[in-house]
Amino acid sequence: MLLRNCKVLLVFLLGLYFAVFAFGNITAPGMNQDFVAHVMSMDTISDKAALGYRAITNEVAHGIVFWMIILWQLVTAVLLFLGCFALWGERDSGAAFQQAKGVAFLGLTAGLSLYFFVFVIVGGEWFASWQSATYNAQQASYRILAIAAFIFLILLHRDDQAGDF
């Protein structure tokens with residue numbers, strides 16, 4: 001049961017991370033909204049001549065993308081919290097705990113998808129933010145991807161054996 005409690009805690013903490021990140025974006029949007037605008041505008045990359053055709057400079061589009069990211073963060077947080085509560089309620093039974101992992105996996109997949117798709121693929125590669133010294137979220141994105149993937153792998157461990165501690 002100790003291992004199950006540890007898994008519940010990790011799912012909860014990742015949900016808390018996404019909730020706090022979304023809360024910060026909602027209550028003080030300036031810095032991160034500017035970040036999105038600079039990445040999409042590609043105005044700080046070193047080789048804009050070759051890739052500049054990809055730039056999106058429309059402020060409305062910047063705002064839409066920024067608020068879509070926040071919505072994705074909120075959905076991820078809610079799924080992780082719901083998964084955490086489902087796991088908490090079934091932690092006394094290995095088989096039931098194993099069955100309750102579904103929503104937590106949805107939350108983990110949502111979080112992994114957000115950082116991999118939005119920040120690594122779209123921001124990093126399509127808008128070439130990896131070239132920017134100022135507006136480059138690659139390192140932070142990989143850190144969150146690693147944490148979420150690590151929790152995903154920990155949660156994969158089966159919990160329906162009689163000897164689970």
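Rounding to the nearest 0.5 Å places CZ of Phe21 at 5.0 Å from CG of Asn32. Between Met40 atom CE and Glu59 atom CD the span is 11.5 Å, to the nearest 0.5 Å. Between the CZ atom of Phe117 and the CH2 atom of Trp72 there is a distance of 6.0 Å, given to the nearest 0.5 Å. From Leu9, atom CG reaches atom CG of Leu13 across 4.5 Å, with rounding to the nearest 0.5 Å. Note that the CZ atom of Arg143 and the CG atom of Leu145 stand 11.0 Å from one another [nearest 0.5 Å].
In the hydrophobic clustering of this structure, Trp126 groups with Leu114; members are Ile, Leu, Val, Met, Phe, Trp, Tyr whose side-chain heavy atoms approach within less than 4.5 Å, directly or through other members. Note on Ile121: it clusters hydrophobically with Val118, by side-chain heavy-atom contacts below 4.5 Å among ILVMFWY residues. Under a hydrophobic-cluster definition in which Ile, Leu, Val, Met, Phe, Trp and Tyr are linked whenever side-chain heavy atoms come within less than 4.5 Å, directly or via other members, Ile144 and Ile69 are assigned to the same cluster. Follow the hydrophobic side-chain contacts under 4.5 Å out from Leu16 and you never reach Val8; the two are in separate clusters. In the hydrophobic clustering of this structure, Leu14 does not group with Val75; members are Ile, Leu, Val, Met, Phe, Trp, Tyr whose side-chain heavy atoms approach within less than 4.5 Å, directly or through other members.
Smallest separation of non-hydrogen atoms from Leu51 and Ala128: CD1-CB, 3.8 Å. Of all heavy-atom pairs spanning Phe81 and Ala19, the tightest one is CE1-CB, 4.0 Å. The two residues Leu112 and Ala148 come nearest to each other via the heavy atoms CD2-CB, 3.6 Å. The shortest non-hydrogen separation linking Val11 to Ala104 is CG1-CB, 4.1 Å. When all heavy atoms are compared, the tightest approach of Ile56 to Ala61 is CG2-CB, 3.8 Å. In this structure, Ile151 and Leu10 approach most closely via the heavy-atom pair CD1-O, 3.7 Å.
The closest side-chain heavy-atom distance from His38 to Ser132 is not below 4.5 Å. The shortest side-chain heavy-atom distance between Leu3 and His157 falls under the 4.5 Å cut-off. Side-chain contact between Phe150 and Leu153 is absent, with no heavy-atom pair separated by less than 4.5 Å. The closest side-chain heavy-atom distance from Val120 to Tyr115 is not below 4.5 Å. Using a 4.5 Å heavy-atom threshold, the side chains of Ile26 and Trp67 count as touching. The shortest side-chain heavy-atom distance between Met1 and Phe97 does not fall under the 4.5 Å cut-off. Put simply, the side chain of Ile45 does not reach to within 4.5 Å of the side chain of Trp130, judged on heavy atoms.
A donor-acceptor contact shorter than 3.5 Å links the side chain of Arg91 to the backbone of Trp88. Of the possible polar contacts, none joining the Thr76 side chain to the Gly107 backbone as a donor-acceptor pair under 3.5 Å is found. In this structure, Lys101 contributes its side chain and Leu155 its backbone to a donor-acceptor pair below 3.5 Å. A distance-only check finds no donor-acceptor pair linking the side chain of Gln73 to the backbone of Tyr17 [under 3.5 Å].
Residues forming a side chain to side chain contact (heavy atoms under 4.5 Å, CB included) with Ala96 (at least two apart in sequence, or on another chain): Glu90, Ser93. Residues that satisfy the side chain to side chain contact (heavy atoms under 4.5 Å, CB included) test with Ser41, not counting sequence neighbours, are Asp43, Thr57, His62.
Within 6.0 Å of CZ on Phe105 lie more than 12 heavy atoms contributed by other residues, nucleotides or ligands.
Applying ring-ring contact (aromatic ring centres under 6.0 Å, His included) to Phe35 and the options Tyr135, Phe66, Phe127 leaves one that passes, Tyr135.
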**Item:** side-chain contact (heavy atoms from CB on, under 4.5 Å) between Phe12 and Leu80, intermediate numbers included
**Value:** CA-CA 7 Å; Phe12 173 79; Leu80 288 167; over 6 Å; no
**Asked** Does the side-chain contact (heavy atoms from CB on, under 4.5 Å) test come out yes or no for Phe152 and Thr109, once each step is laid out?
**Response** CA-CA 8 Å; Phe152 193 101; Thr109 301; 3.7 Å; yes
